[in-house]
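Treat the numbers as computed from the prediction; the structure is a model and nothing was measured.
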Amino acid sequence: DLITLSALNDHLYCERRAHLKLVDGVRGTNEHTLLGNLAHEAVDHPGYEHRAGWELLRALPLYSDSLGLTGKADLVEIRRDPGTGRIAEARPVEYKKGPARRWANDQAQLCAQALCLEEMLSLRIESGLIYHVASAKRDEVDFDLLAGMLIAWAGRSPRSSERGAD
């Protein structure tokens, strides 16, 4: 079974909440989910544009067969080699409604997006960005440490800890 990138984020944030959403189908609507939906409006529809030397790809589908991951990136910024037109640099950008949180689940989700892009594009991706809509700030995330942690985690199911298998 494939694990969605959003399920990975949910599981790392709160295993119980992830179980309620993924297994029981319970997803409440509240102020935070509504604000999150509004924050994503700019990037939830597929498309592209050019800005400041980058090609911006919105709502890009992602997958990694080797890690069993699937989902979509809010935004991927790419630069192409002028001679060949091939993608020479890429970085995912994850949109979040509020300020940076004390948990690393958003960074792990962003890293998982980069791992998918690396497999899809055969390209090393060293960093990505989390865009905080409320403050319009972008935080850079370096993937070296996170990638190792995520690859180690990918060998277990998000539900394994709920069964006491950890």
Side-chain angles (χ1 to χ4, degrees), residues 1-25 27 36 39-40 43-48 54-96 100-132 138-166:
D1 288 351
L2 295 176
I3 299 169
T4 65
L5 297 167
S6 58
L8 171 67
N9 185 320
D10 288 340
H11 175 75
L12 293 173
Y13 177 72
C14 175
E15 291 181 33
R16 180 177 182 278
R17 183 175 129 195
H19 180 87
L20 289 170
K21 285 173 71 175
L22 300 171
V23 177
D24 297 340
R27 177 163 165 56
H40 278 88
V43 290
D44 272 349
H45 302 289
Y48 72 95
W54 291 91
E55 186 176 339
L56 310 180
L57 308 175
R58 291 187 303 274
L60 184 68
L62 301 175
Y63 67 89
S64 169
D65 289 333
S66 65
L67 295 174
L69 296 171
T70 187
K72 74 176 180 179
D74 292 336
L75 184 73
V76 176
E77 299 177 338
I78 64 169
R79 285 196 174 137
R80 296 183 183 271
D81 179 298
T84 65
R86 293 181 54 100
I87 297 172
E89 185 179 356
R91 62 185 182 196
V93 181
E94 178 64 21
Y95 274 53
K96 297 298 178 186
R101 299 188 297 190
R102 60 183 168 162
W103 300 277
N105 55 303
D106 294 338
Q107 290 84 350
Q109 179 183 11
L110 186 68
C111 183
Q113 292 173 11
L115 291 170
C116 290
L117 285 167
E118 285 183 349
E119 186 172 319
M120 292 168 58
L121 302 174
S122 299
L123 184 70
R124 176 141 169 78
I125 299 174
E126 296 183 19
S127 67
L129 301 161
I130 296 179
Y131 176 72
H132 303 281
R138 292 164 51 125
D139 291 332
E140 186 170 5
V141 176
D142 185 321
F143 296 134
D144 285 340
L145 176 63
L146 282 172
M149 292 169 50
L150 188 58
I151 288 169
W153 180 86
R156 69 182 190 109
S157 163
R159 297 186 188 122
S160 65
S161 62
E162 293 169 14
R163 292 189 304 259
D166 285 349

Under a 4.5 Å cut-off applied to non-hydrogen side-chain atoms, are Q113 and E94 in contact?
yes
Can you tell whether the side chains of D10 and R17 come within less than 4.0 Å, N to carboxylate O?
yes
Could you tell me if R91 sits above the aromatic ring of W54, with its cationic atom closer than 6.0 Å to the ring centre and no more than 45 degrees from the axis?
yes
F143 and S127 have their tightest heavy-atom pair at CE1-C, 3.1 Å
Test item: Y95 and L75 side chains (from C-beta on) under 4.5 Å apart, heavy atoms
yes
Got L129 and V141 here, is their nearest side-chain heavy-atom distance under 4.5 Å?
no
Output side-chain donor-acceptor pairs under 3.5 Å for residues 117-125, partner residues at least two apart or in another chain, one line each.
from : atom 1 : to   : atom 2 : distance (Å)
E118 : OE2    : I125 : N      : 2.8
E119 : OE1    : S64  : OG     : 2.6
E119 : OE1    : S66  : OG     : 2.6
E119 : OE2    : D65  : N      : 2.9
E119 : OE2    : S66  : N      : 3.4
R124 : NH2    : D144 : OD1    : 3.0

Can you see which heavy atom on L57 is nearest to which on I78, and at what distance?
CD1-CD1, 3.9 Å
Note: K96-D106 ion pair, threshold 4.0 Å (strictly below):
yes
Charged N-O contact under 4.0 Å between R80 and E55
yes
Are any of the side-chain heavy atoms of N9 and H11 separated by less than 4.5 Å?
no
Compare all side-chain heavy atoms of L60 with those of L62 and state whether any distance is below 4.5 angstrom.
yes
Taking the side chain as everything from C-beta on, heavy atoms only, tell me whether R58 gets closer than 4.5 Å to D74.
no
